[in-house]
Amino acid sequence: MGRGGGGGSSHHSSHHSSSHSHSGGSSRSSYRSSGSSYRSSGSSYRSSYSHHSGGSHYSGGSGGSGGRGCGCSRIFSIILIFPMLIIMGIFYGVFESGDISTFFKIERSTIQREALPSDKCQAIDKWYRDDWGDWIDKSGEAEAVKSGLEYFYNKTGVQPYLWIMGEEGKDYMSEGSLEELGDETYKEMFGNDEGHLLVIFREYPNASSNYICTVTPGSDAETIVMDEQAREILLDYIDFFYTNEDLNEGQFFKNAFMRAGDRIMIKQMTTKQIVMIIVVVLVVVIGIIIVASIIRKKKVAVAKQKALQKQAEAQQAKAVAEQKQTEFNQQKYNDELETQFVAVECPNCGSTGNKIRRTTVGYCPFCGTAIKVDEDGKVSFINRDQPTT
């Protein structure tokens with residue numbers, strides 16, 4: 001079986017069938033230890049509807065009637081934590097516990113589905129058919145395939161049957177012919193039991209691609225569980241794990257059916273809803289950043305204004321203190337100076353209020369009489385005509 005890049009599909013069957021083809025790369029048989037040279041190159045081919053994934057293309061197709069399908073500051077940092085946690089929570093759920101690789105490759109399940117009631121599907125003992133005989137031939141591969149198919153059955157209530165076509169697959173080169181084969185084979189295998197799912201898988205021999213796969217659900221299975229979206233999910237997972245060369249054939253099918261069963265039975269947000277939520281959260285985060293920035297700038301401006309005001313008040317207080325100190329010093333000087341003078345009454349004219357400094361001679365401003373004051377403040381009078389010493 002080959003491995004490679006994307007696939008393409010279209011839907012023109014008269015039934016609600018879904019097919020995928022996978023093209024590009026080498027076939028699985030080219031690196032398997034055993035295998036037919038007839039399968040050395042393969043082709044993937046999908047009918048029903050298709051999508052672009054990698055290099056492949058699949059387009060929506062019409063369904064027929066009654067058919068079966070195939071298919072900054074600490075507070076600021078704390079505030080930002082909450083929207084970041086929301087985004088992380090969304091991505092955790094969106095990317096299936098961190099598996100981001102499948103987000104753009106696997107159809108999203110946007111429908112709430114209930115498992116098919118047990119009375120709608122009569123279980124059979126057979127789970128798969130390997131026409132080549134060496135696809136599921138290694139130790140543990142058979143158990144792996146069966147466990148994956150059983151898991152899908154337990155999850156969805158729809159019992160799958162995997163048919164790995166052999167060389168007769170060369171007779172079914174077109175989408176329509178393989179879908180017709182699926183419809184006929186379903187009727188042969190299950191009759192009126194419409195609760196099963198037939199999956200036909202074959203590598204496309206002697207072509208440039210890898211494989212073609214068709215899924216055909218019974219009408220009950222299709223109505224309740226395996227709608228067009230569910231079929232596309234299964235086919236997408238087959239595409240996804242087909243290209244994983246670390247898996248052998250048993251593990252490849254097991255993983256595809258298990259993961260498809262899980263996704264089909266949950267309701268996920270659409271890509272548009274996810275994008276809208278992320279946009280809203282990012283807008284909120286940006287808004288918080290802008291508001292926080294404005295508040296921070298305002299706080300800085302207010303703090304700066306307060307600092308300038310305090311600085312001005314401090315300078316004013318300093319000037320007042322210096323003025324008071326100057327006045328105090330001046331007053332002290334005057335008081336000390338005042339103690340150096342003695343009040344004297346003039347002996348000649350009797351005028352009062354004369355102040356003469358100690359150890360000096362002063363003169364009465366009215367009569368000019370010389371008056372001497374010693375160091376102890378004692379006064380001696382000197383006549384006008386008497387020379388002073």
A.B. asks: Let me see the working for Glu222 and Arg231 under salt bridge (charged side-chain N to carboxylate O under 4.0 Å, His left out), right down to the final yes or no.
C.D. replies: CA-CA 9 Å; Glu222 179 183 4; Arg231 300 193 299 271; 3.5 Å; yes
A.B. asks: Work out which heavy atom in Pro217 is nearest to a heavy atom in Tyr186; give both atom names and the distance.
C.D. replies: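 So the minimum-distance heavy-atom pair works out to C-CE1, 4.2 Å.
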A.B. asks: Would a single hydrophobic cluster contain both Met258 and Ile238, if residues Ile, Leu, Val, Met, Phe, Trp and Tyr are joined by side-chain heavy-atom contacts under 4.5 Å?
C.D. replies: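 They do not share one cluster, since no chain of ILVMFWY contacts under 4.5 Å joins Ile238 to Met258.
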A.B. asks: Quick check: closest heavy atoms across Ala370 and Tyr363, and the distance to 0.1 Å?
C.D. replies: CB-CE2, 3.6 Å
A.B. asks: What distance separates Met265 CE from Arg113 CZ, expressed to the nearest 0.5 Å?
C.D. replies: 8.0 Å
A.B. asks: Report the distance from atom CD1 of Ile106 to atom CG of Asp239, rounding to the nearest 0.5 Å.
C.D. replies: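 One finds 8.0 Å between CD1 of Ile106 and CG of Asp239.
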A.B. asks: So, the side chain of Thr185 versus the backbone of Gly182: is there a donor-acceptor pair under 3.5 Å, distance only?
C.D. replies: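 The answer is no, because no donor-acceptor pair under 3.5 Å joins these two groups.
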A.B. asks: The test is side chain to side chain contact (heavy atoms under 4.5 Å, CB included); show your working for Ile200 and Thr216 and say whether it passes.
C.D. replies: CA-CA 8 Å; Ile200 302 178; Thr216 305; 5.6 Å; no
A.B. asks: Please test Leu149 against Tyr128 for side chain to side chain contact (heavy atoms under 4.5 Å, CB included), starting from the C-alpha separation and ending with a verdict.
C.D. replies: CA-CA 9 Å; Leu149 296 171; Tyr128 71 92; 4.3 Å; yes
A.B. asks: Got a second to check how far Arg259's CZ is from Leu234's CG, nearest 0.5 Å?
C.D. replies: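 Taking CZ in Arg259 and CG in Leu234, the distance rounds to 13.0 Å.
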A.B. asks: Could you tell me if Asn154 and Glu150 have a donor-acceptor pair between their side chains, going purely by distance under 3.5 Å?
C.D. replies: no
A.B. asks: With a 6.0 Å cut-off on ring centres, are Phe201 and Phe253 close enough?
C.D. replies: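 Aromatic pair counts; centres sit under 6.0 Å.
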A.B. asks: Would you find more than 12 non-hydrogen atoms of other residues, nucleotides or ligands less than 6.0 Å from Gln316 atom CD?
C.D. replies: no
A.B. asks: Locate the shortest heavy-atom distance separating Ser351 from Cys364; write the atom from each residue and the value.
C.D. replies: OG-SG, 3.1 Å
A.B. asks: Counting N and O atoms only, with roles assigned by atom type, does the side chain of Arg296 sit under 3.5 Å from a partner on the main chain of Val291, one being a donor and the other an acceptor?
C.D. replies: no
A.B. asks: Shared ILVMFWY cluster between Ile286 and Ile295, side chains joined below 4.5 angstrom?
C.D. replies: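 Unlinked, Ile286 and Ile295 end up in two clusters.
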A.B. asks: Using modelled atom types and a 3.5 Å cut-off, is there a donor and acceptor pairing between side-chain atoms of Gln229 and backbone atoms of Arg108?
C.D. replies: yes
A.B. asks: Supply the atom-to-atom distance Asp227 CG to Ser109 OG, rounded to the nearest 0.5 angstrom.
C.D. replies: 8.0 Å
A.B. asks: Closer than 3.5 angstrom, by distance alone: can the side chain of Asp130 be matched with the main-chain N or O of Ile164 as a donor-acceptor pair?
C.D. replies: no
A.B. asks: Name the one of Asp220, Val225, Ile224 that satisfies side chain to side chain contact (heavy atoms under 4.5 Å, CB included) with Val158?
C.D. replies: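 In the set Asp220, Val225, Ile224, the residue that makes a side chain to side chain contact (heavy atoms under 4.5 Å, CB included) with Val158 is Val225.
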A.B. asks: Can you measure from CD (Glu141) to CD (Gln251) and round to the nearest 0.5 angstrom?
C.D. replies: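 Those atoms lie 7.5 Å apart.
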A.B. asks: Would you check if the side chain of Trp132 reaches a backbone N or O of Met165 as a donor-acceptor pair within less than 3.5 Å?
C.D. replies: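 Yes, Trp132 side chain to Met165 backbone: donor-acceptor pair under 3.5 Å.
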A.B. asks: Consider only side-chain heavy atoms of I, L, V, M, F, W and Y, link residues closer than 4.5 Å, and tell whether Phe328 and Val320 are in one cluster.
C.D. replies: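 Phe328 does not cluster with Val320.
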A.B. asks: Got Tyr151 and Asp262 here, is their nearest side-chain heavy-atom distance under 4.5 Å?
C.D. replies: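 Contact flag for Tyr151/Asp262 side chains = yes.
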A.B. asks: Determine whether Tyr237 and Leu247 fall in the same hydrophobic cluster, where Ile, Leu, Val, Met, Phe, Trp and Tyr are linked whenever their side-chain heavy atoms lie under 4.5 Å apart.
C.D. replies: yes
A.B. asks: Would you say the side-chain atoms of His196 pair up with the backbone N or O of Gln122, donor to acceptor, closer than 3.5 Å?
C.D. replies: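 Pair found, side chain donor or acceptor close to backbone of Gln122.
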A.B. asks: For Asn334, I'd like to know if atom CG has over 12 heavy atoms of other residues, nucleotides or ligands within 6.0 Å.
C.D. replies: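 Yes, the 6.0 Å shell around CG holds more than 12 heavy atoms from other groups.
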A.B. asks: I'd like to know if Glu143 pairs up with Lys254 as an ion pair, taking the criterion as any Lys NZ or Arg NE/NH1/NH2 lying under 4.0 Å from an Asp or Glu carboxylate oxygen.
C.D. replies: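 Salt bridge flag = no for Lys254 with Glu143.
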A.B. asks: Would one find more than 12 heavy atoms of other residues, nucleotides or ligands at under 6.0 Å from atom CD of Glu313?
C.D. replies: yes
A.B. asks: Please check if Ile111 and Ile266 belong to a single hydrophobic cluster, counting links between Ile, Leu, Val, Met, Phe, Trp and Tyr side chain heavy atoms closer than 4.5 Å.
C.D. replies: no
A.B. asks: State, to 0.1 Å, how close Glu194 and Ser219 come at their nearest heavy-atom pair, and which atoms those are.
C.D. replies: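 That closest heavy-atom pairing would be OE1-N, 2.8 Å.
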A.B. asks: Looking at Arg358 and Asp374, is any side-chain nitrogen of the basic one under 4.0 Å from a carboxylate oxygen of the acidic one?
C.D. replies: no
A.B. asks: Please report the shortest heavy-atom distance between Lys126 and Gln159, naming the atom on each side.
C.D. replies: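 Heavy atoms only, the tightest pair is O-NE2, 4.1 Å.
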A.B. asks: Taking all non-hydrogen atoms of both residues into account, name the closest pair between Cys346 and Ile371 and its distance.
C.D. replies: CA-CD1, 4.2 Å
A.B. asks: Going from OH on Tyr153 to CH2 on Trp127, what distance comes out if it is rounded to the nearest 0.5 angstrom?
C.D. replies: 6.5 Å
A.B. asks: Walk me through it: do Phe152 and Val199 pass the test side chain to side chain contact (heavy atoms under 4.5 Å, CB included)?
C.D. replies: CA-CA 13 Å; Phe152 185 93; Val199 180; over 6 Å; no
A.B. asks: Is the shortest side-chain N to carboxylate O distance from Arg129 to Asp131 below 4.0 Å?
C.D. replies: yes
A.B. asks: Is a donor from one side chain sitting under 3.5 angstrom from an acceptor on the other, for Thr110 and Gln268?
C.D. replies: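 The answer is no; no qualifying pair exists.
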A.B. asks: Got a salt bridge between Asp183 and Lys187, using NZ or NE/NH1/NH2 to carboxylate O under 4.0 Å?
C.D. replies: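 So Asp183 pairs with Lys187 through a salt bridge.
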A.B. asks: Evaluate Val342 against Ile356 for side chain to side chain contact (heavy atoms under 4.5 Å, CB included), listing each step before the verdict.
C.D. replies: CA-CA 5 Å; Val342 177; Ile356 300 174; 5.7 Å; no
A.B. asks: Check whether any side-chain heavy atom of Val373 lies under 4.5 Å from a side-chain heavy atom of Val344, and answer yes or no.
C.D. replies: yes
A.B. asks: Do Gln311 and Gln315 come close enough that some side-chain heavy atom pair is under 4.5 Å?
C.D. replies: yes
A.B. asks: Please check if any side-chain donor atom of Gln305 sits under 3.5 Å from a side-chain acceptor atom of Gln309, or the reverse.
C.D. replies: no
